[in-house]
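In what follows, a single structure is set out as structure tokens and then discussed.
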Protein chains: 2
Amino acid sequence: MIWSQSGKTREIDLQVRTLAHPGRSELRLDAVLSALSDPVRRQIVSQLADVPGEQACSAFQLPVSKSTSTHHFRVLREAGVIEQHYRGTAILNSLRAADLEAQFPGLLRAVLQAAIKEASATATAARPQAGQLNAEV
Amino acid sequence: MIWSQSGKTREIDLQVRTLAHPGRSELRLDAVLSALSDPVRRQIVSQLADVPGEQACSAFQLPVSKSTSTHHFRVLREAGVIEQHYRGTAILNSLRAADLEAQFPGLLRAVLQAAIKEASATATAARPQAGQLNAEV
DNA sequence: ATCATTGTACGATAAAACTCGTACTACGAA
DNA sequence: TTCGTAGTACGAGTTTTATCGTACAATGAT
């Protein structure tokens, strides 16, 4: 199918850009654990668990460059930890909590809780109290 | 202290060889997850969970060389996942299930169950039924 | 049309991880 | 004392990973 626009013909590169995701049954423990062993990626996952709703990549204050962020989001997506889809120029991210729970029961919750614990242990006496695990697992 | 033996004096290199372990409160999520993301190491951990009692390194049929095995056991020990101590020329290994449970509740169990699930999914129709998680967590 | 915003693609680099073989140490047994 | 067993130390090779900067593409707003 060809779309004519202002005198020039264009292929349907107008179609929505899609991103590949592994199916629920294709999740690999190897990939998931590797994905979760990086602190930057755990920060992403923790924020996705804490804040309800989808969040754009730009909503994350990561301690790395933009291209490195892209890399980490891709690793999470290809491992099946997060779901990504375009909305305009932005990409909305969400946790695949249900899929993870189906394949690896208790894993995500355990990691999230452990991350909270370490975070509060590291930032000792910074704030009174915080982080109660808000994930909809 | 000097020990005299058959005419020659020797320093107390006779003292039991010790291996360094992180304390319970020193366990790092980063290190634990990294340790558990390698399939060879998960095989070790799974066997330690399945078989009761301590097991020597030589009791494991790993798909790597002897020196590589040493490497993997050390990674697990330094991450605090296993405890190792000498007994004669052998090293006895055991899971630090209680310490892991104290620091990262539910994590070890979730990983072990996930490993069992993947193993049975991979070796489909090999044996009728097996692997019910025998860890004393 | 032009422009700003979001994020990717593509190298490049540096560090970490997994692997091995060989030589070695420590211990127990013969 | 000699020997075999269990595991380590060390150096090296290969692969993966994390990181960055720059150039680019896609979209929505002006």
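Each chain gets a letter, A, B and so on, in the order the sequences are listed, and its residues count up from 1. Both backbone and side-chain heavy atoms feed into the values below; hydrogens, waters and symmetry mates do not.
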Quick one: closest heavy-atom pair of [X] and [Y], and the distance?
X	Y	answer
B/Ile44	B/His72	CD1-CB, 4.2 Å
A/Ser69	A/Leu62	OG-CD1, 3.6 Å
A/Val40	A/Pro63	CG2-CG, 4.4 Å

Distance in angstrom units between [X] [atom1] and [N] [atom2], rounded:
X	N	atom1	atom2	value
B/His72	D/dG7	NE2	P	15 Å
B/Phe60	D/dA6	CZ	P	14 Å
B/Arg42	C/dA17	CZ	P	16 Å
A/Asp38	C/dA17	CG	P	11 Å
B/His85	D/dA6	NE2	P	17 Å
A/Ile44	D/dA18	CD1	P	11 Å
B/Ile82	D/dG7	CD1	P	11 Å
A/Leu92	D/dG28	CG	P	12 Å

Filtered N/O pairs between nucleotides 1-4 of chain D and protein, under 3.5 Å:
none

Please determine whether residues [X] and [Y] belong to a single hydrophobic cluster, defined as Ile, Leu, Val, Met, Phe, Trp and Tyr linked transitively by side-chain heavy-atom distances below 4.5 Å.
X	Y	answer
A/Val64	A/Val81	yes
B/Leu29	B/Leu100	yes
A/Val45	B/Phe104	yes

Just compare [options] and give me whichever is closest to any side-chain atom of [X].
X	options	result
A/Lys66	C/dC18, D/dT8, C/dT6	C/dT6
B/His71	D/dC20, C/dC18, C/dG7	C/dC18
A/Val64	C/dG7, D/dT19, D/dC10	D/dT19
A/Val40	C/dG7, D/dT19, D/dG7	D/dT19
A/Arg17	D/dT19, D/dT8, D/dA26	D/dA26
B/Ser65	C/dG21, C/dT8, D/dT19	C/dG21

Using a cut-off of strictly less than 4.0 Å, decide whether [X] has a side-chain nitrogen or oxygen near OP1 or OP2 of [N].
X	N	answer
B/Thr68	C/dC20	yes
B/Arg74	D/dA9	yes
B/Ser34	C/dA17	no
B/Ser58	D/dG7	yes

(request) Give one of base, sugar-phosphate or nothing for A/Tyr86, where a contact means two heavy atoms less than 4.0 Å apart. (result) sugar-phosphate
Could you list the donor-acceptor pairs under 3.5 angstrom formed by side chains in residues 73-80 of chain A, with sequence neighbours left out?
unit_1  : atom_1 : unit_2  : atom_2 : d
A/Arg77 : NE     : A/Gln84 : OE1    : 2.8
A/Arg77 : NH1    : A/Ala20 : O      : 2.8

(message) Both A/Gly88 and A/Arg41 contact DNA chain D. Taking the nearest nucleotide for each, which residue is further toward the 5' end?
(response)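 Looking at the nearest nucleotide for each, A/Arg41 comes out on the 5' side.
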(message) Under a 3.5 Å distance rule, please check whether A/Gln113 uses its side chain to pair with a backbone N or O of B/Gly106 as donor and acceptor.
(response) no
